Amino acid sequence: MSIGNAYYDAKLASVYDQMYPIEFDTAQAVDFISELAPPQGRVLELGVGNGRIALPLAARGFQVHGIDGSEAMLAELGARDPQGCVTTMLGDFTEVGTGVTFDVATLVLNTFFVAITKDQQLECLRLVREQLSPGGKFTLEAFDPAPYHGLERPDLSMRHLDEGAIMLDTLSVDRCQQLMLGTHTIIDGGPPQTKQHLLRYAFPFEIDLLAELSGLRLMDRWEDWTKHPYTSSSLRHVSVYEPTPAAAR
Ligand SMILES: C[S@@+](CC[C@H](N)C(=O)[O-])C[C@H]1O[C@@H](n2cnc3c(N)ncnc32)[C@H](O)[C@@H]1O
């Protein structure tokens, strides 16, 4: 089986809401992002998916644009957005920008790590910087790699999707390359289907350094969208960056 890109295929798109239940912290993420943008401001979501975050933001009056590499996820978003409140673009956010600027750009749920080399991560952040208007903000949500970096053998876990379906997840780590190979296998009575994806995890302070090299500087870091303090026991972070003033570069 070849490891393709991290775009969600049709099967993953069909179970996405069970994988990441909307009740978990979507409302808090939407509140957090809304606070950063001016009323009716322009918001860009990289890896917009089925619109979990983008649609509630658009309902609050923001002008929301989303990029995603998955036709299946954008089709799901389109089905939930018959009036086209969210403007979408099919593309790889590590390679292309929209050509316009935004008040806020967001990259949530560890999706930054789909850029699987340091150079791809740098290019992704450089593109974010290019798409921020003066005074713009960039939010990035990611897990802290510490528990995974020490993983000695593949980790196996299982999710309940519905009464007739489960998902088996495996995770193995190549520590010296900071790479993580994940598999999602859906067992639902039909032939099991597996999607593999590769992530390059990065520690928060490495992300800050890459951001600095891309013209962004850290403003705030929290443990979650409700602004619990980020501490040495935090397992993830929500970080906010802003363009570095030209004079400080
Ligand atoms: C974990 S989902 C997050 C979706 C949405 N942001 C949310 O919070 O529900 C990651 C999304 O990123 C997309 N994706 C992965 N790699 C990408 C890339 N290089 N360029 C554009 N989209 C990508 C996937 O297709 C998927 O829709």
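Just follow the structure's listing: the first ligand is 1, and inside any ligand the first atom is 1. Note that the structure is predicted; figures quoted are calculated from it, not measured. The analysis underlying the following values was restricted to heavy atoms, covering all of them including side chains, and did not include hydrogens, waters or symmetry mates.
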With atoms numbered from 1 as shown, which atoms in ligand 1 lie under 4.0 angstrom from a non-hydrogen atom of Phe93? 17 (C), 18 (C), 20 (N), 21 (C), 22 (N), 23 (C)
Which residue holds the protein heavy atom closest to atom 1 (C) of ligand 1, what is that atom called, and what is the gap in Å? Tyr8 OH, 3.2 Å
Can an N or O of Tyr7 be found at a distance shorter than 3.5 Å from an N or O of ligand 1? no
Atoms of ligand 1, numbered as shown, that sit under 4.0 Å from any heavy atom of Ser70: 25 (O)
Ligand 1-proximal atoms of Thr111, by part, heavy-atom distance under 4.0 Å: side chain
Indicate, as side chain, backbone, both or neither, the part of Asn110 found under 4.0 angstrom from ligand 1 when only non-hydrogen atoms are considered. neither
Shortest protein contact, atom 16 (N) of ligand 1 (heavy atom only): Val114 CG2, 3.5 Å
Got a sec, which residues hit ring pair (Phe, Tyr, Trp, His ring centres under 6.0 Å) with His228, two or more places apart in sequence or on another chain? none
Would you mind listing which atoms of ligand 1 come within a distance below 4.0 Å of any non-hydrogen atom of Gly91? 20 (N), 21 (C)
For Met180 and Arg200, what are the C-alpha separation, side-chain angles and deciding distance, and is it a side-chain contact (heavy atoms from CB on, under 4.5 Å)? CA-CA 6 Å; Met180 180 182 265; Arg200 180 186 186 271; over 6 Å; no
In this structure, OG1 of Thr194 is separated from NZ of Lys11 (nearest 0.5 Å) by 11.0 Å
Answer with yes or no whether the side chains of Thr244 and Arg217 bring together a donor and an acceptor at under 3.5 Å. no
Interfacing atoms of ligand 1 (cut-off 4.0 Å, heavy-atom, Val108): 6 (N), 8 (O)
If we ignore angles and hydrogens, is there a donor and acceptor under 3.5 Å between the side chains of Arg221 and Tyr241? yes
Using a 6.0 Å cut-off, check whether atom CG of Leu235 has over 12 heavy atoms from anything other than its own residue. no
Indicate yes or no: at least one non-hydrogen side-chain atom of Lys195 is less than 4.5 angstrom from one of Asp9. yes
Establish, yes or no, whether a centroid distance under 6.0 Å links the rings of His197 and Tyr7. no
For atom 8 (O) of ligand 1, what's the nearest protein heavy-atom neighbour? Residue, atom name and distance, please. Arg52 NH2, 2.8 Å
Contacts of type ring pair (Phe, Tyr, Trp, His ring centres under 6.0 Å), residue Tyr8, not counting sequence neighbours: Tyr16
For ligand 1, is there an N or O atom under 3.5 Å from any N or O atom of Gly69? yes
Nitrogen or oxygen of Tyr16 less than 3.5 angstrom from that of ligand 1: yes
Looking only at distance, does Asp92 have an N or O less than 3.5 Å from an N or O of ligand 1? yes
Residue Met158 excluded, over 12 heavy atoms near CE under 6.0 Å: no
Any idea which protein heavy atom is nearest atom 15 (C) of ligand 1, and the distance to it? Ala6 O, 3.3 Å
Which residue holds the protein heavy atom closest to atom 25 (O) of ligand 1, what is that atom called, and what is the gap in Å? Asp68 OD1, 2.7 Å
Gly47: numbered ligand 1 atoms lying under 4.0 Å from its heavy atoms: 3 (C), 4 (C), 5 (C), 6 (N), 11 (C), 12 (O)
